[in-house]
Amino acid sequence: SSKIETVDKLRRVKTISGKTYSQIAEETGLTNVYVAQLLKRQAQLKPQTVPLLRSSLPDITDDLILEMMQPPLRSYDPQLIQDPTVYRLSEAVMHFGESIKEIINEEFGDGIMSTVDFYCSVDKVKGVDGNHRAVVTFDGKYLAHAEHKSEKMVSRLRL
């Protein structure tokens with residue numbers, strides 16, 4: 001089945017369960033954002049997580065599990081930026097991005113934060129003023145940029 005059809009089926013399974021992403025996350029030991037990524041076919045379901053997900057979402061079918069275990073086509077709809085929440089998140093990264101980059105370079109050196117070895121979660125907290133606040137955590141492995149030495153290139157090695 002197509003990715004859209006699979007995601008629709010997974011959305012129904014979640015709706016039938018009556019659970020939030022955070023509840024499923026707590027039951028599976030995953031982050032709430034990763035659970036959403038799994039159910040949107042933006043992440044691959046690992047074998048050790050299958051029993052936990054089955055327990056949390058009992059209506060999930062074998063076909064859906066098998067589909068979720070395949071490497072996904074990670075993509076996004078360019079129209080998504082029109083959603084106010086997605087736009088504001090993009091705006092926040094664009095607005096604060098240069099400062100974040102400079103602090104990463106200052107603290108770690110010349111490199112980047114991975115979004116492959118990466119954890120993300122969303123938490124609801126009460127602020128000091130009593131209002132609810134959304135806390136989005138990006139937790140990525142630091143990757144140093146490598147100096148490009150020809151001697152290290154496998155294609156240049158003389159075997």
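Just so it is clear, the values below take in all heavy atoms, side chains as well, and ignore hydrogens, waters and symmetry mates.
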Gap separating the [atom1] atom of [X] from the [atom2] atom of [Y], nearest 0.5 angstrom:
X: T28; Y: Y21; atom1: OG1; atom2: OH; answer: 12.5 Å
X: S114; Y: D139; atom1: OG; atom2: CG; answer: 10.5 Å
X: L64; Y: M69; atom1: CG; atom2: CE; answer: 13.0 Å
X: E147; Y: D110; atom1: CD; atom2: CG; answer: 11.0 Å
X: L73; Y: Q42; atom1: CG; atom2: CD; answer: 8.0 Å
X: T49; Y: Q44; atom1: OG1; atom2: CD; answer: 10.5 Å

Should the heavy atoms of other residues, nucleotides or ligands under 6.0 Å from [atom1] of [X] be counted, would the total exceed 12?
X: Q48; atom1: CD; answer: yes
X: E26; atom1: CD; answer: no
X: R133; atom1: CZ; answer: no

Report task. List the steps, then state whether side-chain contact (heavy atoms from CB on, under 4.5 Å) holds for I104 with I112. Result -> CA-CA 7 Å; I104 287 172; I112 62 170; over 6 Å; no

Query raised in the report: Among all residues two or more places apart in sequence or in another chain, which pass the ring-ring contact (aromatic ring centres under 6.0 Å, His included) test with F96?
Result: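 Not a single residue meets the ring-ring contact (aromatic ring centres under 6.0 Å, His included) criterion with F96.
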
Report task. For F118, enumerate each residue passing the ring-ring contact (aromatic ring centres under 6.0 Å, His included) test, keeping only those at least two apart in sequence or located in another chain. Result ->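 F118: ring-ring contact (aromatic ring centres under 6.0 Å, His included) contacts with F138.
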
Are [X] and [Y] side-chain neighbours, meaning at least one heavy-atom pair lies under 4.5 Å?
X: R11; Y: K40; answer: yes
X: L10; Y: I60; answer: yes
X: D63; Y: T6; answer: no

Query - Test applied, side chain to side chain contact (heavy atoms under 4.5 Å, CB included); reference residue, L39; option that passes from L57, V13, V7 - result: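 Testing L39 for a side chain to side chain contact (heavy atoms under 4.5 Å, CB included) against L57, V13, V7 leaves exactly one candidate, L57.
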
Whether the side chain of [X] engages the backbone of [Y] through a donor-acceptor N/O pair (distance < 3.5 Å, no angle test) should be reported.
X: S17; Y: K14; answer: yes
X: S90; Y: V86; answer: yes
X: T31; Y: C120; answer: yes
X: Y142; Y: G109; answer: yes
X: R41; Y: M68; answer: yes

Within one Ile-Leu-Val-Met-Phe-Trp-Tyr cluster: [X] and [Y], side-chain cutoff 4.5 Å:
X: V93; Y: Y87; result: no
X: L89; Y: M113; result: yes
X: V33; Y: L52; result: no

**Report entry** ILVMFWY cluster membership beyond Y119 - transitive side-chain contacts under 4.5 angstrom
**Finding:** none

Query raised in the report: Any Lys/Arg nitrogen of K9 or E67 sitting under 4.0 Å from an Asp/Glu carboxylate oxygen of the other?
Result: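 Answer for the salt bridge query: no.
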
Query raised in the report: Does a salt bridge link E98 with K101, judged by any charged N lying under 4.0 Å from a carboxylate O?
Result: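 Judged by the 4.0 Å cut-off on N to carboxylate O distance, E98 and K101 do not form a salt bridge.
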
Could you tell me which non-hydrogen atom of [X] sits nearest to which non-hydrogen atom of [Y], and how far apart they are?
X: L45; Y: V50; answer: CD2-CG2, 3.8 Å
X: K3; Y: S75; answer: NZ-OG, 3.2 Å
X: P58; Y: S56; answer: CD-O, 3.3 Å

Report task. Check step by step if side-chain contact (heavy atoms from CB on, under 4.5 Å) holds for L53 and V35. Result -> CA-CA 9 Å; L53 190 64; V35 168; 5.7 Å; no

Report task. Give the C-alpha distance, both sets of side-chain angles, the deciding distance and a yes or no for side-chain contact (heavy atoms from CB on, under 4.5 Å) between R54 and D62. Result -> CA-CA 9 Å; R54 280 189 192 279; D62 290 344; 2.9 Å; yes

**Report entry** Side-chain H-bond candidate by donor/acceptor type, S22 with K124, under 3.5 Å
**Finding:** no

